[in-house]
Amino acid sequence: MAVVVLGSINMDLTTYVPRLPAPGETLFGSAFITVPGGKGFNQAVAAGRLGVPTQFIGRVGDDAFGKGVLEMVAHEPVDISGILVDPDSGTGLAVISVDDAAENAIIVISGANMAHDGLEVARTRDALQSAKVLLLQMESPLSASLAAAQVARELGAIVILDPAPAKPLPPDAYQLCHIMTPNELETEVLVGFRPTNRQEAAEAAEILCERGLATAVIKLGSQGVYYQSATESGFVQPFRVNAIDTVAAGDAFNGGLAVALAEGKPLAEAIRWGAAAGALATTKPGASSAMPTRTELEQLLAKN
Ligand code: RIB
């Protein structure tokens, strides 16, 4: 496998509403869809659809949602043989609302995703034998993810952590992961302030790098992406698209970034791949369902 993803897989229950409801308010929605999601699985589909061999490691429950999600993901270009069916946990669920401005609000019920343990670390070790990149997020236990990061480093793979949903990280996380990709909200949790422009993103990246992180990638949504390593820094402008649903745009970014790095592209180009994948994901409804193909991504890159 070129890319290995350890992380969450959910059934996403998504409603489309004119605006996000206020506390105590009942709203009529315009549509409802049920699609496979989870930040981990979305990143795996993003990488797989972009054309590199990709394996996903995770857990579902032994329930109707688990059976449903496994049937729905079977056609994706992702090796799912590393998904364990856990008899003691429910399948992860995400209850999502998307408004007319394409913004979203998500509630996650973790279920089996938070039951990851040494079994997932062992499966990740097997999958990583020939891998170039390991993708991690924070919807599964950090202890298992960091153990997998240690294995990946020993085997020479690049470790990318998407610190989402964010919580403060232990000091060793910054040394175990090569790249972190927080958005504005996640950056605030990590460094104590929310970057709103390139200058503030640079200040946040500097703090993360001082903690030992090799490369900080600060995603500023529709403003673009700032990146910094020991040898380079820069800003990637956003791709302008007709956004209808921003769910999983960050996951698409990490999938695109991982594929480009697995193919040996330089960091600045890899971040353009991530930004293009993220933009394209906002043009379609749903989570894993919205991940772009390689043809779509190359066409967007060629136009910009
Ligand atoms: O990043 C989007 C994802 O967050 C959704 O697919 C949902 O399952 C939650 O994990």
Side-chain angles (χ1 to χ4, degrees), residues 5-16 20 31-49 56-61 63 65-66 68-70 72-73 76 78 80 83 89-99 102-116 135-142 145 160-167 180-187 189 217 219 221-222 243-258 274-275 277-292:
V5 185
L6 169 62
S8 58
I9 179 167
N10 295 331
M11 185 68 97
D12 285 4
L13 312 173
T14 304
T15 56
Y16 292 86
L20 300 179
F32 172 73
I33 59 171
T34 307
V35 294
K39 296 184 195 306
F41 188 70
N42 296 337
Q43 295 184 10
V45 174
R49 288 191 185 176
F56 173 74
I57 312 290
R59 278 192 201 207
V60 295
D63 54 19
F65 283 122
V69 88
L70 289 179
M72 291 166 87
V73 305
E76 294 291 354
V78 175
I80 57 167
I83 299 180
S89 307
T91 298
L93 296 175
V95 179
I96 303 177
S97 296
V98 179
D99 70 13
E103 291 301 336
N104 66 76
I106 303 178
I107 297 170
V108 170
I109 304 296
S110 297
N113 295 311
M114 276 298 173
H116 286 193
L135 286 172
L136 302 168
Q137 323 75 37
M138 292 182 46
E139 289 185 329
S140 53
L142 191 61
S145 294
I160 304 176
L161 173 67
D162 190 8
K167 63 178 181 182
M180 290 189 194
T181 59
N183 66 17
E184 307 101 307
L185 295 176
E186 292 146 7
T187 301
V189 174
V217 177
K219 298 183 281 197
S222 58
I244 61 161
D245 178 346
T246 52
V247 171
D251 304 330
F253 178 96
N254 281 49
L257 174 68
L280 286 166
T282 70
T283 65
K284 296 178 194 166
S288 60
S289 50
M291 297 300 134

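Counting convention: from 1, in listed order, for ligands and their atoms alike.
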Any luck finding a side-chain donor-acceptor pair between K39 and N113 under 3.5 Å? no
If we count only N and O atoms by modelled type, under 3.5 Å, do the side chains of S97 and T15 hold a donor and an acceptor together? yes
Determine, step by step, whether I160 and Q43 satisfy the side-chain contact (heavy atoms from CB on, under 4.5 Å) criterion, reporting the C-alpha distance in whole Å, the side-chain angles of both residues, the deciding distance to 0.1 Å, and the verdict. CA-CA 11 Å; I160 304 176; Q43 295 184 10; over 6 Å; no
Counting non-hydrogen protein atoms only, what is the nearest one to [atom]? Give residue, atom name and distance.
| atom | value |
| --- | --- |
| atom 4 (O) of ligand 1 | K39 NZ, 3.1 Å |
| atom 3 (C) of ligand 1 | N42 ND2, 3.6 Å |
| atom 8 (O) of ligand 1 | D12 OD1, 2.6 Å |
| atom 1 (O) of ligand 1 | D251 OD2, 2.7 Å |

Shortest non-hydrogen contact between A102 and A243, atoms and distance: CB-O, 3.8 Å
side-chain contact (heavy atoms from CB on, under 4.5 Å) for M180 and E186? Distances and angles first, verdict last. CA-CA 10 Å; M180 290 189 194; E186 292 146 7; over 6 Å; no
Go through ligand 1 atom by atom and flag the ones less than 4.0 Å from a non-hydrogen atom of [X].
| X | result |
| --- | --- |
| G37 | 6 (O), 8 (O) |
| N10 | 7 (C), 8 (O), 9 (C), 10 (O) |
| A287 | 6 (O) |
| E139 | 4 (O), 9 (C), 10 (O) |

Indicate yes or no: at least one non-hydrogen side-chain atom of K219 is less than 4.5 angstrom from one of N254. yes
Minimum side-chain heavy-atom gap I33-P285 below 4.5 Å: yes
A94 N/O under 3.5 Å from ligand 1 N/O: no
Please check whether S8 reaches ligand 1 - meaning an N/O of the residue sits under 3.5 Å from an N/O of the ligand, judged on distance alone. no
Assess the residue pair V5 and F41 against the criterion (side-chain contact (heavy atoms from CB on, under 4.5 Å)); give the C-alpha distance rounded to whole Å, side-chain angles, the decisive distance to 0.1 Å, and a yes or no. CA-CA 8 Å; V5 185; F41 188 70; over 6 Å; no
Closer than 4.0 angstrom: is that true for some heavy atom of G250 and an atom of ligand 1? no
